[in-house]
Amino acid sequence: MQERMVRADGLWTRYLEEGSGPPLLLLHGAAQGSSADVWTRNLGPLASHGLRVIAVDQPGFGGSDDPPDFAPSYRQNFITPLLDALGISRVALVAHSQAGGLAIGYAIDHPERLTHLVTLSTGSIMPPTPSGEMPISEAGANPDAPEPTEDVIRGILEEQLYHHDLITPEVIRQRLDVAVGHNHEAWQRRIRAQRAAGGGGGLPAWKRIAQVKVPMLAMWGAGDENLAAQRVPVFREVYPSIQAELLDHAKHLMQWDRADEVVRLTTEFLAS
């Protein structure tokens, strides 16, 4: 695995890369401490299937520069200059959590740049439960909250992981390092931008999926607090042509909880 930097849309962007072959781009979610490092358990196993696997720190996360615009639309549009900077014309895209909503928008706007789309743990693309429940989004976070501590990071991981034995001191330190300082300021600005954007007045992400024209696989952990266990059956009814997987013994960070199964399902889907 190589750690590299590339300049895209004027921003220095950190990414991790392993393997060679058809390109596979991995996008992390938006929780505090998120970065390309959430994929370190997956890069090698994915690359072993003959793929060039790239995990990127999105603008305003990890070791990448802050964006000029903290609205989610900027990160969605950033995918094109990133691919251009990496010399990639078409790519398979795997997006975790909030990045899944960005990936849906990108697939609709730029189907010519994608070969496949995989989403993990993305709550916004599931319809409400039969009783109409929807979980609270990150936009409900307090943008004036102080910098996170080790206990805060541990709490986030305990909430997002089924297997708490994966929460090591090294993992907590790594995530804390990219959740403080200018990254915390970026998180605050991102929350404010999401609040300002509101619902945007358009169709919710789960209704926009009908406009996606590239092959799509969606996965969720059965223990995720985004109510996946109740909402995935509704998703399957609404979108019977999309492969939807609900994995037991997994929560929000399912690429950690069920790393082997996520790799197997992803590579089988890419090969189909």
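Computed over heavy atoms, backbone and side chain alike; hydrogens, waters and symmetry mates excluded.
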- Look at the aromatic rings of Tyr239 and Phe235 and report parallel, tilted or perpendicular, splitting at 30° and 60°. tilted
- Task: Say whether, by atom type as modelled, one donor and one acceptor occur between the side chain of Thr168 and the main chain of Val171 under 3.5 angstrom.
- Result: yes
- ring pair (Phe, Tyr, Trp, His ring centres under 6.0 Å) contacts touching residues 250-272 (sequence neighbours left out): His96-His252, His116-Phe269
- Message: Test: ring pair (Phe, Tyr, Trp, His ring centres under 6.0 Å). Region: residues 15-53. Which pairs qualify, not counting sequence neighbours?
- Response: His28-Phe61
Enumerate the salt bridge (charged side-chain N to carboxylate O under 4.0 Å, His left out) contacts for [range], please, sequence neighbours excluded, ordered by first and then second residue.
range: residues 149-161; value: Asp151-Arg154
range: residues 63-87; value: Asp84-Arg113
range: residues 163-181; value: Glu170-Arg173

Holding to salt bridge (Lys or Arg N to Asp or Glu O under 4.0 Å), I want the full list of residues that pass it with [X], two or more places apart in sequence or in another chain.
X: Glu3; answer: Arg14
X: Arg192; answer: Asp144
X: Arg264; answer: Glu261, Glu268
X: Arg7; answer: none

- Please check if atom CZ in Arg189 has more than 12 non-hydrogen atoms from other residues, nucleotides or ligands closer than 6.0 Å. no
- Task: Not counting sequence neighbours, which residues clear ring-ring contact (aromatic ring centres under 6.0 Å, His included) with His163? List them please.
- Result: none
- All ring-ring contact (aromatic ring centres under 6.0 Å, His included) counterparts of His182, not counting sequence neighbours: none
N/O donor-acceptor pairs under 3.5 Å from side chains in residues 240-248, not counting sequence neighbours:
unit_1, atom_1, unit_2, atom_2, d
Gln243, NE2, Glu245, OE2, 2.9

